[in-house]
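Structure first, commentary second.
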Amino acid sequence: MAAAVPAVGGPKPPSTKTGSRIDARREAIAGYAFIAVPMGLFLILQIGMLIYAGWVSIWDWDIRLGPQNLIWFQNFQRLATDPGFINALKNTAYYALIWVPLTMAIGLFLAVVVNQKIRGQTFFRASFYFPAIASSAAITTLWLFLIAPSGLFNEIRGALGLNPVFTLLNFAPNHDWAGNYRTAMNSIILLNAWTTSGTFMLFYLASLQSIPKDVYEAAAIDGAGQWQTFWRVTFPLLRPAHFFVATVALIGAFQLFDQAFIVGGVDGAPAGTTMSIVLYLYNAVFRQINLDYAAAVGIVLFLIIMGLTLIQRRVFPEPDW
Amino acid sequence: MSEAVGKVTGPDAALGRLEVARAAPTQPTGGKWRRRIAYVILISYALLMFVPFGWSIITSFKTLPDSLNLGLPDPWTLQAWDYALTRLTPNVVVLFTNSLVIAGIVTISNLTLGSLAGYAFARLRFPLSGLLFLMVLATLMIPDQLRLVPVYILFNNLGLTVGVGQYLAVILVLAISATSIFLMRQYFLTIPKDLEDAAKVDGAGFFTTFLRVMLPLATPALAAVAILQFQGTWNSFFWPVIFLKDQSHLTLPLGLAFFRLSGGFGTNWPPLMVVVIIATLPILVLYLFFQRYFVEGIAAAGVKG
């Protein structure tokens with residue numbers, strides 16, 4: 001503390017050592033008082049629940065009566081062979097596998113285009129980002145309307161004379177994109193690529209603009225073309241951004257819920273094709289009414305997310321910024 | 001909408017705002033054609049953004065049979081608006097009010113608790129403060145889904161899964177986010193200490209100093225937290241769908257899911273589009289006026305990563 005050397009005539013009143021200790025204690029008490037409520041909430045609703053989740057998962061837990069029998073890891077063993085859970089796992093993995101690279105590619109592409117010397121940069125950036133901040137439920141409902149059997153998408157492809165192409169791909173002129181088991185999950189992928197590409201664009205833009213100009217000048221002097229400059233210079237220099245966006249995207253992908261819920265309902269219709277891990281967790285709580293089993297699903301999801309993050313750190317080591 | 005993102009100097013920079021607007025483009029100046037192609041791409045993608053929302057507005061003025069046609073409403077009618085506002089169950093006005101009340105309370109709670117804790121972590125010296133702050137940040141790594149079951153059991157035992165308790169459950173679980181504390185702390189760290197010292201010389205206590213001196217100086221951070229939390233809670237789906245079960249307690253996003261899945265209005269598109277517009281409009285208005293704070297949300301998400 002600064003008061004160790006009494007400053008005579010300084011801005012602070014001179015204080016003795018005891019005085020400063022009392023001050024320090026008052027300050028500590030004030031500090032704890034300031035953080036008491038938020039820390040209490042964090043301790044109970046975050047840290048506490050982390051432990052409680054593990055506790056619930058090893059019991060046969062009745063919703064009204066609480067813990068009944070200690071069953072240890074039976075829930076986890078059951079998960080390994082539960083066709084419903086494995087289906088959810090597969091669906092979510094498929095979603096992540098397509099959605100993550102697709103949305104990253106669109107985001108990067110938009111960032112590069114928006115980063116040109118153009119008018120209305122702010123306008124374009126703002127409009128591309130808007131779907132990301134609008135209500136997921138509203139956007140999903142709107143999307144369902146657009147891709148409904150007689151919705152805008154089917155009408156437009158008919159009007160443009162594109163239906164022969166779609167017929168070749170075995171899609172009827174009034175194909176129900178969200179209601180058909182072949183296309184339901186893909187329609188969610190496209191929807192979320194549309195809404196989230198703006199977010200990834202912003203991530204990439206920040207990174208693009210931190211690349212020093214002389215790097216490009218050097219590339220130009222070496223006679224590199226636009227295409228070459230992008231792949232040889234820009235793309236590798238964006239490594240920190242790739243790493244960051246991919247991590248955020250993967251974590252988000254495994255938490256797919258809102259859109260799947262509204263498209264397919266609690267059962268992941270049609271035929272369980274939109275059943276995601278989180279939707280299965282919800283299903284376990286409110287359909288199967290099996291709380292301990294649902295807790296186990298939550299823990300597995302948590303481990304998957306942690307594992308993915310760790311693997312990613314291995315494969316793409318975080319560069320020194 | 002030119003330069004909606006304001007200048008970032010001094011304390012503002014501490015919010016970690018992504019300064020994308022004013023930074024000079026770093027790509028070399030290309031030819032005319034390259035820029036033309038860029039415009040074509042940008043305008044087409046912008047159309048992909050605007051056409052769906054525009055289509056929802058157009059459809060809201062159509063009759064149900066007409067909603068299946070391309071083109072403008074024929075005839076223009078307010079039927080769908082009337083139907084959506086008066087005849088849907090649960091009533092859209094009720095949904096709107098629920099959304100507004102829950103988002104409002106969660107916002108105020110985050111402002112209060114976030115600024116208190118943020119100030120303490122930035123300025124007050126107390127044992128373990130560094131460790132406790134790290135713990136706050138670490139909670140960002142715990143996925144909500146992991147907490148679903150234990151929180152549900154806890155709140156069920158506390159009687160928060162029936163009646164008005166349902167609102168309380170959602171509010172409690174969203175009452176304070178680590179992001180709010182983080183944003184407030186980072187801002188308080190940038191405010192010069194002299195002002196506080198002056199207040200102390202005048203004999204002001206810690207709380208008075210916080211309330212009278214520091215809080216008014218932190219208005220930009222408070223605005224950022226308010227907008228982030230309001231938008232996040234207004235749109236939130238996960239916790240509300242866990243706890244809000246009575247029809248009269250639903251929020252707008254839950255109402256939409258209900259209409260689609262079990263309300264029997266699943267393909268009555270014009271009124272559904274009215275609800276979509278009502279659920280989107282408040283956030284759009286906020287976005288138009290406070291775009292820079294939404295971009296900060298991105299920076300905050302960066303913390304989450």
Side-chain angles (χ1 to χ4, degrees), chain A residues 27-28 30-32 34-35 37-39 41-42 45-46 49-50 52-53 56 113 115-118 122-124 126-128 130 133-138 141-142 145-146 150 152 155 202 205-206 209 211 213 216 220 244 247-248 255 257-258 261-262 265 278 281 291 294-295 298 301-302 305, chain B residues 1-4 18 20-21 23 25-29 35 38 41-42 46 49 52 55-56 68 70 113 116-117 119-120 124-127 129 132 136 139 142-143 145-151 173 175-176 206 231 235 237-238 253 256-257 260-261 269 272 276 279-280 283 287 291 294 298 305:
Chain A
E27 187 169 344
Y32 286 126
F34 274 48
I35 64 165
V37 178
M39 279 320 279
L41 284 169
F42 275 120
L45 293 179
Q46 300 268 3
M49 291 302 122
L50 192 67
Y52 199 22
V56 173
V113 180
N115 200 35
Q116 310 290 316
K117 273 195 176 160
I118 46 157
T122 314
F123 167 78
F124 287 119
S127 29
F128 297 168
F130 178 68
I133 55 136
S135 145
S136 56
T141 310
L142 174 53
F145 174 47
L146 296 176
S150 40
L152 189 66
E155 295 284 329
L202 287 185
L205 258 180
Q209 291 172 346
I211 297 176
K213 236 181 176 159
Y216 291 110
F244 173 71
T247 309
V248 171
Q255 296 180 325
F257 178 67
D258 307 6
F261 186 100
I262 292 172
V278 183
L281 172 61
L291 290 173
L301 176 69
F302 177 55
I305 290 175
Chain B
M1 227 202 288
S2 67
E3 304 301 38
L18 289 180
V20 274
T26 45
Q27 296 273 344
T29 331
R35 225 173 301 164
I41 294 168
L42 288 173
M49 300 289 144
W55 191 239
S56 73
L68 305 177
L70 282 180
L113 301 178
L116 277 170
Y119 178 70
L124 301 177
R125 275 159 300 185
F126 52 94
S129 69
L132 289 172
V136 168
T139 61
I142 306 173
Q145 295 83 11
L146 178 61
R147 300 193 291 135
L148 188 163
V149 173
V151 170
V173 84
I176 180 67
F206 291 106
Q231 176 250 353
N235 291 342
F237 192 81
F238 183 73
L256 275 167
R260 145 102 183 136
L261 297 165
W269 298 112
L272 273 179
V276 165
T280 318
I283 301 302
Y287 188 56
Q291 202 211 119
F294 283 94
I298 286 282

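A note on names: the letters A, B, ... follow the listed sequences, proteins ahead of strands, and every chain is numbered from 1.
- Residue contact with chain B, scored on non-hydrogen atoms closer than 4.5 Å, involves the backbone and the side chain of A:L142 alike.
- Proximity to chain B (any heavy atom under 4.5 Å) is restricted, for A:L281, to the side chain, taken from C-beta onward.
- Contacts between B:L42 and chain A at a heavy-atom distance below 4.5 Å involve backbone atoms as well as side-chain atoms.
- Taking 4.5 Å as the limit, every side-chain heavy atom of B:V149 sits out of range of all side-chain heavy atoms of A:Y52.
- In this structure, the separation between CH2 on B:W269 and CG on A:L146 is 9.0 Å, given to the nearest 0.5 Å.
- The residue among B:S56, B:P127, B:A117, B:S129 with the most heavy atom pairs within less than 4.5 Å of chain A is B:P127.
- With a 4.5 Å cut-off on side-chain heavy atoms, B:Q291 and A:T122 count as touching.
- Heavy-atom distances place both the backbone and the side chain of B:Q145 under 4.5 Å from chain A.
- Per-residue heavy-atom pair counts under 4.5 Å with chain B were compared for A:A294, A:A220, A:A53, A:G265, and the maximum is reached by A:A53.
- In this structure, the portions of B:A46 lying under 4.5 Å from any heavy atom of chain A include both its backbone and its side chain.
- A:M39 places a side-chain heavy atom less than 4.5 Å from the side chain of B:V136.
- Residue B:R35 holds its CZ atom at 9.5 Å from CD1 of A:I118, rounded to the nearest 0.5 Å.
- The minimum heavy-atom distance linking B:F126 with A:A28 is given by the pair CB-CA, 3.6 Å.
- Interface remark: A:F124 contributes side-chain atoms only to the contact with chain B (heavy atom separation under 4.5 Å).
- Between B:M49 and A:F130 the shortest side-chain heavy-atom distance does not fall below 4.5 Å.
- Of the listed residues (A:L291, A:L152, A:V37), the one with the most heavy-atom contacts under 4.5 Å to chain B is A:L152.
- Here the closest non-hydrogen pair linking B:L132 and A:Y32 is CD1-CE2, 4.4 Å.
- Both the backbone and the side chain of A:F145 have a heavy atom closer than 4.5 Å to some heavy atom of chain B.
- For the atom pair B:L256 CG and A:T141 OG1, the distance stands at 4.0 Å (nearest 0.5 Å).
- Put simply, the side chain of B:N235 gets close to the backbone of A:I133: a donor and an acceptor are under 3.5 Å apart.
- A:A30 and B:F206 get closest at one heavy-atom pair: CB-CD1, 3.5 Å.
- Of the possible donor and acceptor atoms, none in the side chain of B:Y119 sits under 3.5 Å from a partner among the backbone N and O of A:F34.
- With chain A as the partner, the residue from B:L113, B:I283, B:I176, B:T139 showing the most heavy-atom pairs under 4.5 Å is B:T139.
- A heavy-atom distance below 4.5 Å is not found between the side chains of A:I35 and B:L124.
- Side-chain atoms of A:L301 and B:L146, non-hydrogen and from C-beta on, never get closer than 4.5 Å to each other.
- Between B:A120 and A:G31, the shortest heavy-atom distance links the atoms CB-O, 3.9 Å.
- When all heavy atoms of A:S135 and B:A279 are compared, the pair lying nearest together is CB-O, 4.5 Å.
- Between A:L45 and B:R147, the closest side-chain pair of non-hydrogen atoms falls below 4.5 Å.
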